[in-house]
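Accompanying notes for the structure given below.
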Amino acid sequence: NVKSDGQVTVYYPRTVVGVQSIVRLSKEKEVGVRVVGARHSWSRALLQIPQNTLLMSLLSKDKPTELSSVGRVEVQGDDVAEVEVAAGATLGQLTEQCRKSGWQVASAPVLPQVTVAGVAVSLSHGAGTGRRGLADSVTALTYIDARGEVQRLTEAEEVAVFLSSLGLLGIIVSLRVRLVHVERVRVPLQSP
């Protein structure tokens with residue numbers, strides 16, 4: 001673990017309009033803006049952010065907000081379901097909401113406390129040769145561009161390019177995620 005040695009201010013917007021305001025403020029002040037989410041990283045990237053960068057987290061500090069909620073699972077056929085999930089919702093929240101309806105994300109969440117958008121935009125947690133990663137299950141996304149405007153991507157190629165940009169093209173505020181049926185346990189867990 002690496003801890004910051006300075007004072008850090010993190011904005012916690014509750015709405016899309018709040019995110020837009022922070023992006024527009026950063027443009028007005030001519031400074032960068034960066035989403036830090038759960039502040040979980042395998043690199044020192046967070047420590048390399050210039051001091052005058054505005055930091056924001058879409059996680060909710062208490063009750064769910066527009067930016068940290070998980071929508072209703074929408075079943076579209078026997079083997080097709082999707083859910084709209086806010087960028088600041090955690091993998092744990094997404095998993096819990098989907099399982100109630102008999103669905104799950106194709107990749108098995110490893111860390112329940114990290115944000116859905118953070119995982120998708122970093123192409124991590126569940127990505128591999130045996131299973132699709134969470135980013136592979138994203139069918140659409142809504143983001144705030146550098147001007148502070150809301151944009152929606154629904155074309156598979158555009159979504160894939162955006163997600164592989166590591167956040168350089170804008171700030172995700174929600175994602176539409178394709179789901180699979182909950183798999184049954186094939187072998188019971190055993191304790192030594």
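Worth knowing before you read on, the calculation uses all heavy atoms, side chains too, and leaves out hydrogens, waters and symmetry mates.
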Could you tell me which non-hydrogen atom of [X] sits nearest to which non-hydrogen atom of [Y], and how far apart they are?
| X | Y | value |
| --- | --- | --- |
| T15 | E66 | CB-OE1, 3.2 Å |
| A89 | Q93 | CA-OE1, 3.2 Å |
| A81 | V73 | CB-CG1, 4.0 Å |
| L59 | G88 | CD2-O, 3.4 Å |
| V23 | A146 | CG1-O, 3.7 Å |
| V180 | A106 | CG2-CA, 4.0 Å |

Enumerate the residue pairs fulfilling ring pair (Phe, Tyr, Trp, His ring centres under 6.0 Å) with a member in [range], sequence neighbours excluded, ordered by first and then second residue.
| range | answer |
| --- | --- |
| residues 56-80 | none |
| residues 57-103 | W103-H181 |
| residues 148-179 | Y143-F162 |

Audit row: S137, V105, side chain to side chain contact (heavy atoms under 4.5 Å, CB included) steps and yes/no = CA-CA 8 Å; S137 298; V105 292; 5.7 Å; no
Nearest 0.5 angstrom please: [X] [atom1] to [Y] [atom2], how far?
| X | Y | atom1 | atom2 | result |
| --- | --- | --- | --- | --- |
| Y11 | S21 | OH | OG | 11.5 Å |
| Q20 | L25 | CD | CG | 13.5 Å |
| I171 | I144 | CD1 | CD1 | 7.5 Å |
| M56 | L67 | CE | CG | 9.0 Å |
| L54 | K27 | CG | NZ | 14.5 Å |

Which residues pass the side chain to side chain contact (heavy atoms under 4.5 Å, CB included) test with [X], sequence neighbours left out?
| X | value |
| --- | --- |
| R14 | D62, T65 |
| A87 | L58, A117, I172 |
| K100 | E96, Q97 |
| V80 | Q76 |

After noting the C-alpha distance and the side-chain angles of L175 and L134, does the key distance pass the side chain to side chain contact (heavy atoms under 4.5 Å, CB included) rule?
-> CA-CA 11 Å; L175 304 105; L134 180 64; over 6 Å; no
Side-chain heavy atoms of V114 within contact of T90, under 4.5 Å | no
Is the shortest heavy-atom distance from the side chain of V116 to the side chain of V70 under 4.5 Å?
-> no
Results of salt bridge (charged side-chain N to carboxylate O under 4.0 Å, His left out) for E149 - residues two or more places apart only = R24
Please name all residues satisfying salt bridge (charged side-chain N to carboxylate O under 4.0 Å, His left out) with E84, sequence neighbours left out, ordered by chain then number.
-> R152, R176
For the side chain of T95 and the backbone of G92, is there at least one donor-acceptor N/O pair under 3.5 Å apart?
-> no
Say whether, by atom type as modelled, one donor and one acceptor occur between the side chain of S68 and the main chain of P64 under 3.5 angstrom.
-> no
Provide the full list of salt bridge (Lys or Arg N to Asp or Glu O under 4.0 Å) pairs with a residue in residues 157-170, sequence neighbours left out, each pair given once.
-> none
What do the steps show when you test V35 against V121 for side chain to side chain contact (heavy atoms under 4.5 Å, CB included), and what is the final call?
-> CA-CA 11 Å; V35 178; V121 80; over 6 Å; no
Sequence neighbours excluded, the answer for side chain to side chain donor-acceptor pair (under 3.5 Å) partners of T139 is E82
Check the hydrophobic clustering (I, L, V, M, F, W, Y; side-chain heavy atoms under 4.5 Å; chains of links allowed) and say if V17 and V33 are grouped together.
-> no
